[in-house]
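To keep things clear, I will list the structure first and then write my remarks on it.
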Amino acid sequence: MLTDDELLRYSRQILVPGFDIAGQEKLQRARVLVLGLGGLGSPAALYLGGAGVGQLLLADGDVVEVDNLPRQLCHRQSDCGRNKAESAAEAIAGRNPGVRIEVIPRHLQATDLDQLLPGLDLVLDCSDNYPVRYALNRASRRHRVPVVSAAAVRTEAQIALLDPNREGPCYRCLYPDAGSDTALSCAESGVLGPVVGVAGSLQALEAIKYLSGCADPLGDTLLVMDLASLAFQRLRIRRRDNCPDCGSRA
Ligand SMILES: [Zn+2]
């Protein structure tokens, strides 16, 4: 049951066709991990907190630095030197005190993911390196928790929802080889703030669609956005039989 305060707070989204009070109650029952509170995780976590996702787990081992501030909207100048998950938790709680937030102020290892994922409804992968993405992919398959994955660099962004419960493709089907750690690095290639903001906002949108049931989320497709020309493309992702994480040899 929603209180009068909650009905008022969430009234605009409750009005959206297909969302309704039932959608709000589903959001309030949800437990979601946001992995990384940088350029993607900032808008994603702010929107999920604002929308009333019941429980948010925020994980990041990095501290806020001044060159994060143009795009990592959770963090302020006075947060420099502070852990990003702690800074983000304060930003979210300041907007919606009704959200239960758990701060995990460290880089997650595979063993952490195995402990955290059971009991979660969804994970938002807002990290920026392949080892973490691959570890999360394996944990997602093991514990059957879907992942909304996104990446942004320069003026390009992409997003996919990878759901092991639908027997669809996994992150490793999409990116079989890590290449190098820096392949996704905004530090080396640069990125415009709104580009990563679009990708993080879409992660929150896909999460809200998936959790509330108000619309169909992306299924087995990768949305690729060239934001210089504003060209959007949806590419079908196929499951690879030789995928090391979900193929027949896995
Ligand atoms: Zn796979």
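Numbering of ligands and ligand atoms starts at 1, following listing order. Because only heavy atoms are used, hydrogens play no part in the values below, and waters and symmetry mates are left out as well, while side chains stay in.
With hydrophobic clusters built from ILVMFWY side chains whose heavy atoms lie under 4.5 angstrom apart, Val64 does not share a cluster with Val191.
Here Asp226 pairs with nothing under the salt bridge (Lys or Arg N to Asp or Glu O under 4.0 Å) rule; sequence neighbours left out. In this structure, the salt bridge (Lys or Arg N to Asp or Glu O under 4.0 Å) partners of Asp114, at least two apart in sequence or on a different chain, are Arg142.
Listed by chain and number, Cys170 SG, Cys173 SG, Cys243 SG, Cys246 SG are the protein N/O/S atoms closer than 2.8 Å to the Zn ion (ligand 1), with waters left out.
Looking only at distances, a side-chain donor or acceptor of Arg95 sits under 3.5 Å from a matching main-chain atom of Ala91.
Sequence neighbours left out, the pairs with a member in residues 149-176 that pass salt bridge (charged side-chain N to carboxylate O under 4.0 Å, His left out) are Arg144-Glu167, Arg154-Glu156, Arg166-Asp220, Glu167-Arg239, Arg172-Asp245.
Atom CG of Asp4 has 12 or fewer heavy atoms from other residues, nucleotides or ligands within 6.0 Å.
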